[in-house]
Each structure stands twice: as structure tokens, then as C-alpha cells.
Amino acid sequence: MAETQIEWTDATWNPVAGCSIVTAGCSNCYAMQMARRLESMGVAKYEGLTRKSGKRAIWNGIVREDHAALAIPYSWKKPRKIFVNSMSDLFHDAVSEEFILDVWQVMRDTPRHNYQILTKRPERMAELVARMPDVLPNVWLGTSVESAEVVGRIDYLRAVPAHIRFISFEPLIGTVGVVDLSNIDWAIVGGESGLNARPIREEWIDEIYNQCETYGTAFFFKQWGTWGKDNKKRSKKANGREYRGQIWNEMPAALAM
Ligand code: SF4
């Protein structure tokens with residue numbers, strides 16, 4: 001799988017499949033439902049990774065390393081921004097350190113690409129990346145923050161040696177309060193979409209936008225999701241991507257260096 005609908009990247013690359021729920025931001029994890037669908041289509045990589053709970057699929061904690069997938073970025077000759085593991089979390093405990101080192105080697109070997117790694121497990125990321133021999137200029141490291149309960153993740157991210165650090169405030173399901181965005185290059189903000197989507201509030205976005213201004217952090221507004229600016233429920237497409245009367249597609253300043 002290569003091309004993607006995700007607005008802030010060009011392609012997805014999934015050397016790992018499967019995950020487990022960590023915090024409230026995971027409740028409507030899109031990847032769980034997608035894994036179930038891919039399994040029903042006979043894709044072996046996604047077989048047996050979820051269990052049924054009512055009408056929904058839930059990760060069962062099985063995580064699969066896909067060694068064959070390590071070859072994929074070499075075959076992409078044109079430079080791309082690549083989101084690593086849209087169907088898992090690279091720093092899940094079940095992913096071996098050895099395999100993470102293999103992923104790092106692929107990224108080292110293919111400097112034409114920019115790799116975007118997003119985790120809800122920044123503690124493990126900080127621990128492992130600190131042991132890497134070099135800081136790769138083409139690797140962006142990020143963490144997800146859905147509400148004030150998990151802002152502690154930002155401190156782990158800040159401690160990680162990285163050329164570009166970013167935060168995905170998506171799905172934004174609560175206020176994040178006052179956050180320290182020093183040394184954070186990029187913030188993505190977005191609401192949740194789908195049947196069980198939880199609402200986003202404009203004042204929560206304002207709070208993040210204002211702090212990005214203060215810290216000089218690039219701001220990317222991905223989507224309202226299922227809940228619009230007027231707190232009404234409608235399609236993600238109808239709610240669109242406009243915030244403060246414009247589209248915000250800022251990218252990290254360090255990208256241009
Ligand atoms: S960490 Fe990411 S992939 Fe894993 S359950 Fe949470 S949202 Fe889904």
C-alpha cells in the first residue's frame with residue numbers, strides 16, 4: 001500500500017501490523033477496522049490481529065513484523081514523505097529492537113525520502129532512539145496528544161534526538177491546556193470522523209494555534225471531522241478543512257534546510 005488520503009503525507013509504509021489500545025485517543029482507531037477488512041479480503045499480513053466486540057473490531061495485541069516490507073522504500077525512486085506504520089505503532093512493546101534497527105537502516109539507506117514516525121509510546125521511542133548511533137536528517141519523530149491527560153508525552157518527545165519533532169493533536173477530544181512546545185517543529189490538529197466520532201471544539205483548536213504562534217511551531221489543520229465548527233454533525237467532507245477562514249498546510253521550517 002502506498003498512496004494515501006492522509007493530507008500531511010505522500011505515502012504510507014507498514015513494516016508492522018497490529019497494535020493494542022493505549023489511551024482514549026485509540027478508542028475509534030481506524031486501523032483496527034481496516035485490519036479486519038483487509039483480513040476478510042484475504043490479506044495474510046492482517047490475519048488474526050483483531051477480535052470482535054459487538055459490531056466493532058478491537059486489536060487483540062498480536063503484532064506482526066513484516067520483513068518483506070522493508071524492501072518497499074528502496075523501490076520508490078521519487079522522493080516522498082512517508083508515514084511509517086499507519087496500521088500499527090513502531091514503538092509497541094511487541095516490536096523487537098532488532099526490527100526497529102532494521103527499519104532505521106532502511107531510512108538511512110534512502111535519504112531521498114522523509115519518514116514521519118508517530119507514536120503513542122514516546123517513552124520507548126526516547127529510550128531506543130537515544131541508543132542509535134546517528135540522528136538521521138530525513139526522520140521526523142512525533143507523538144499523538146488527544147487531550148490534557150497525555151501531554152506528558154511531549155516531554156519524552158522533546159528528549160529524543162531528532163531533526164524534526166512533531167505532535168499530532170488528533171483526534172482532538174479535549175482541551176490540552178498550557179503546553180510547552182519548545183523544540184517542537186510541527187503541530188497537526190484534527191477532529192475525529194466516523195460513526196462514533198467525538199466532537200471537537202473550536203476553542204481547543206484556538207488554544208493550540210495560539211501556542212504554536214508563541215513557540216514558532218508550524219501549524220497544520222487537517223480536518224474538522226464529523227463535527228463542524230458550529231458543533232453540528234455532518235460528513236467530514238462537508239465540514240472541510242477551513243479554520244479561521246483559511247486552509248492551514250504549514251510544514252516544519254527545518255524541511256527547507
Ligand atoms: S496506538 Fe495508534 S494504531 Fe495503536 S491502537 Fe492507538 S491509534 Fe490505533
Side-chain angles (χ1 to χ4, degrees), residues 1 4-9 11-39 43 45-66 69 82-96 99-100 103 115-129 140-154 156-157 160 165-174 176 187-198 200 222-223 225-226 236:
M1 184 181 297
T4 172
Q5 308 273 316
I6 302 171
E7 290 83 351
W8 46 263
T9 197
T12 55
W13 171 45
N14 283 293
V16 183
C19 197
S20 23
I21 284 180
V22 199
T23 52
C26 300
S27 303
N28 295 322
C29 170
Y30 166 82
M32 292 189 294
Q33 312 312 322
M34 181 54 89
R36 191 67 165 199
R37 204 174 313 156
L38 291 168
E39 179 181 21
V43 183
K45 178 170 174 172
Y46 296 98
E47 231 169 69
L49 302 182
T50 58
R51 63 180 169 80
K52 270 291 205 197
S53 170
K55 286 192 175 155
R56 305 174 62 213
I58 309 280
W59 294 125
N60 61 13
I62 296 176
V63 172
R64 191 163 290 139
E65 297 171 357
D66 181 356
I82 300 173
F83 176 27
V84 181
N85 279 340
S86 61
M87 297 295 290
S88 181
D89 184 332
L90 185 64
F91 294 100
H92 190 290
D93 275 346
V95 183
S96 67
F99 191 72
I100 294 171
V103 168
Y115 292 92
Q116 301 158 310
I117 303 178
L118 188 57
T119 185
K120 284 195 173 70
R121 295 160 171 94
E123 312 87 346
R124 186 165 189 234
M125 175 168 77
E127 187 195 324
L128 295 189
V129 175
W140 311 9
L141 297 179
T143 193
S144 301
V145 173
E146 65 264 25
S147 68
E149 273 85 73
V150 292
V151 289
R153 287 178 184 157
I154 301 175
Y156 286 105
L157 176 65
V160 183
R165 295 185 195 85
F166 69 103
I167 300 171
S168 170
F169 293 100
E170 191 197 15
L172 190 62
I173 53 171
V176 295
I188 302 161
V189 178
E192 197 165 45
S193 46
L195 207 58
N196 301 310
R198 293 156 289 184
I200 188 170
K222 182 164 169 261
Q223 59 178 32
T226 299
K236 169 183 156 177

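Computed from a prediction, not measured in an experiment: that's the story for all the values here. In listed order, ligands and their atoms are each counted from 1.
Distances from atom 4 (Fe) of ligand 1 to the heavy atoms of Gly25, Ala35, Cys19 put Cys19 nearest.
Of the heavy atoms in Ser144, none comes closer than 4.0 Å to ligand 1.
Not a single heavy atom of Ala31 sits closer than 4.0 Å to an atom of ligand 1. Residue contacts with ligand 1: Arg121 is included, with a non-hydrogen atom under 4.0 Å away. Contact between Ser86 and ligand 1 is absent, with no heavy atom of the residue lying under 4.0 Å from the ligand.
Taking backbone and side-chain atoms together, Cys29 has an N/O/S atom less than 2.8 Å away from atom 8 (Fe) of ligand 1.
With salt bridges taken as basic N to acidic carboxylate O contacts below 4.0 Å, none links Lys120 and Asp89. With respect to the salt-bridge test (charged N to carboxylate O, under 4.0 angstrom), the residues Arg121 and Glu127 do not qualify.
Evaluated for a ring-ring contact (aromatic ring centres under 6.0 Å, His included) with Tyr115, the options Trp140, Phe83, Trp13 yield exactly one hit, Trp13.
No donor-acceptor pair under 3.5 Å is formed between the side chain of Ser53 and the backbone N or O of Arg56.
Between Arg51 atom CZ and Ile62 atom CD1 the span is 11.5 Å, to the nearest 0.5 Å. Within the model, atoms NZ of Lys222 and CH2 of Trp8 stand 7.5 Å from one another, a figure rounded to the nearest 0.5 Å.
For ligand 1, the atoms lying closer than 4.0 Å to a non-hydrogen atom of Ser20 are 4 (Fe), 5 (S).
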